[in-house]
Chemist: 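Before I ask anything, let me first share the structure, which is written out below as structure tokens.
Atoms considered below: every heavy atom in the structure, side chains included; atoms not considered: hydrogens, waters and symmetry mates. Quick caveat, the model's predicted, so the values are computed rather than measured.
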Amino acid sequence: MFKSKLPTAAESIPAMLKAWSSMSSRKSGTPTAFSISGEAVPNASVGSEHGLMPLICWHADSIYRFAMGGRSLGIKFRTAPKALTGFAVDLRHVEKPLSEVLCFVVEAIEDIYKNSPANALAKGAVDVQDLVHRFKAELQSAREMSLAAGTASPTEKPLAINP
């Protein structure tokens with residue numbers, strides 16, 4: 001019997017984030033919905049594992065941890081010096097139902113867009129520089145705690161926040 005393969009978080013979330021960003025920028029009449037320090041972030045980068053997707057997934061996981069008593073979505077991050085935020089995200093091993101993960105990712109991107117300061121150079125776009133700084137600080141702190149506890153090596157790339 002034919003069984004179709006269900007879409008995964010790794011397949012669905014990037015496409016959804018790109019579509020959300022494109023729709024938002026079209027509605028506001030700007031070429032992009034987000035910027036970092038005034039520099040526009042292309043809509044295609046919003047859904048990229050090396051673009052804003054790590055930041056959005058980190059925020060989704062933070063909301064999830066708050067709502068679910070400390071449990072995590074199981075999203076993994078790794079250092080990526082050439083990435084927009086300095087980190088990449090790995091969604092291949094997320095075991096939560098896709099609908100649950102998507103709900104929190106949509107909530108995260110909406111929350112970021114509604115609560116980030118407006119970009120003075122591009123009406124309708126918001127600047128996420130402050131959130132990027134908090135994201136980097138939390139992931140770096142988690143990395144240092146893992147190294148201090150002996151649960152990670154300095155060359156180890158994957159990093160999970162409250163797995």
Chemist: Which atoms form the tightest heavy-atom contact between Ala9 and Pro14, and what is the distance?
Modeler: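 Minimum heavy-atom contact is O-CD, 3.7 Å.
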Chemist: For the CG atom of Asp61 and the NZ atom of Lys76, what is their distance to the nearest 0.5 Å?
Modeler: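 Between atom CG of Asp61 and atom NZ of Lys76 there are 10.0 Å.
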Chemist: Can you check side chain to side chain contact (heavy atoms under 4.5 Å, CB included) on Trp58 and Thr85, steps first, answer last?
Modeler: CA-CA 11 Å; Trp58 165 77; Thr85 62; over 6 Å; no
Chemist: Working to the nearest 0.5 Å, report the span between CD1 of Ile56 and OG of Ser21.
Modeler: 7.5 Å
Chemist: Work out which heavy atom in Gly51 is nearest to a heavy atom in Pro54; give both atom names and the distance.
Modeler: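 For Gly51 and Pro54, the tightest heavy-atom pair comes out as O-CD, 3.2 Å.
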Chemist: Establish, from distance only, whether the side-chain atoms of Glu100 and Tyr64 form a donor-acceptor pair under 3.5 Å.
Modeler: yes
Chemist: List the steps and the verdict of salt bridge (Lys or Arg N to Asp or Glu O under 4.0 Å) for Lys5 and Glu11.
Modeler: CA-CA 12 Å; Lys5 181 183 168 238; Glu11 297 164 341; 2.9 Å; yes
Chemist: Output yes when Glu49 and Arg78 qualify as a salt bridge under the 4.0 Å nitrogen-oxygen rule, no when they do not.
Modeler: yes
Chemist: How far apart are the C-alpha atoms of Phe87 and His50, what are their side-chain angles, what is the distance that settles it, and do they pass the side chain to side chain contact (heavy atoms under 4.5 Å, CB included) test?
Modeler: CA-CA 7 Å; Phe87 291 90; His50 290 92; over 6 Å; no
Chemist: Identify the two heavy atoms, one from Cys57 and one from Phe77, that lie closest to each other, and give their separation to 0.1 Å.
Modeler: C-CZ, 4.2 Å
Chemist: Minimum heavy-atom separation for Ser24 to Tyr113, with atom names?
Modeler: OG-CZ, 3.4 Å
Chemist: Give the minimum heavy-atom separation between Ser12 and Leu98, together with the two atoms involved.
Modeler: OG-CD2, 3.4 Å
Chemist: Examine distances only and state if a side-chain atom of Ser141 and a backbone atom of Ala137 form a donor-acceptor pair shorter than 3.5 Å.
Modeler: no
Chemist: Between CE of Met68 and CD1 of Ile63, what distance do you get to the nearest 0.5 Å?
Modeler: 11.5 Å
Chemist: Are any of the side-chain nitrogens in Glu110 or Lys114 under 4.0 Å away from the carboxylate oxygens of its partner?
Modeler: yes
Chemist: With distance as the sole test, does Ser45 use its side chain to make a donor-acceptor pair with the main-chain N or O of Ser48 at under 3.5 Å?
Modeler: no
Chemist: Any Lys/Arg nitrogen of Asp130 or Arg134 sitting under 4.0 Å from an Asp/Glu carboxylate oxygen of the other?
Modeler: no
Chemist: If you look at every heavy atom in Met53 and Leu17, which pair is closest and at what distance?
Modeler: CG-CD1, 3.5 Å
Chemist: Roughly how far, to the nearest 0.5 Å, is the CG atom of Leu73 from the CZ atom of Arg71?
Modeler: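 These two atoms lie 10.0 Å from each other.
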Chemist: Rounded to the nearest 0.5 Å, how far apart are NZ of Lys96 and CZ of Phe104?
Modeler: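 That separation rounds to 10.0 Å.
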Chemist: Would you say the side-chain atoms of Asn115 pair up with the backbone N or O of Asp111, donor to acceptor, closer than 3.5 Å?
Modeler: yes
Chemist: Can you tell me if Glu39 has over 12 outside heavy atoms packed within less than 6.0 Å of its CD?
Modeler: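 No, not enclosed.
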Chemist: Where do Lys18 and Val46 land on the side chain to side chain contact (heavy atoms under 4.5 Å, CB included) test, with the steps shown first?
Modeler: CA-CA 6 Å; Lys18 289 175 192 172; Val46 173; 5.6 Å; no
Chemist: I'd like to know if the side chain of Ser116 reaches the main chain of Ile112, judged simply by a donor and an acceptor atom lying under 3.5 Å from each other, with no hydrogens or angles considered.
Modeler: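 Side chain of Ser116 to backbone of Ile112: a pair is present.
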Chemist: Do the non-hydrogen side-chain atoms of Met16 and Val105 ever get within less than 4.5 Å of each other?
Modeler: yes
Chemist: Can you measure from OG1 (Thr8) to CZ (Arg92) and round to the nearest 0.5 angstrom?
Modeler: 10.5 Å
Chemist: List the steps and the verdict of side chain to side chain contact (heavy atoms under 4.5 Å, CB included) for Ile109 and Leu52.
Modeler: CA-CA 10 Å; Ile109 196 167; Leu52 279 187; over 6 Å; no
Chemist: Would you say the side chains of Ser25 and Asn43 form a donor-acceptor pair under 3.5 Å?
Modeler: yes
Chemist: Name the residue from Asp127, Val128, Val126 that meets the side chain to side chain contact (heavy atoms under 4.5 Å, CB included) definition with Ser35.
Modeler: Asp127
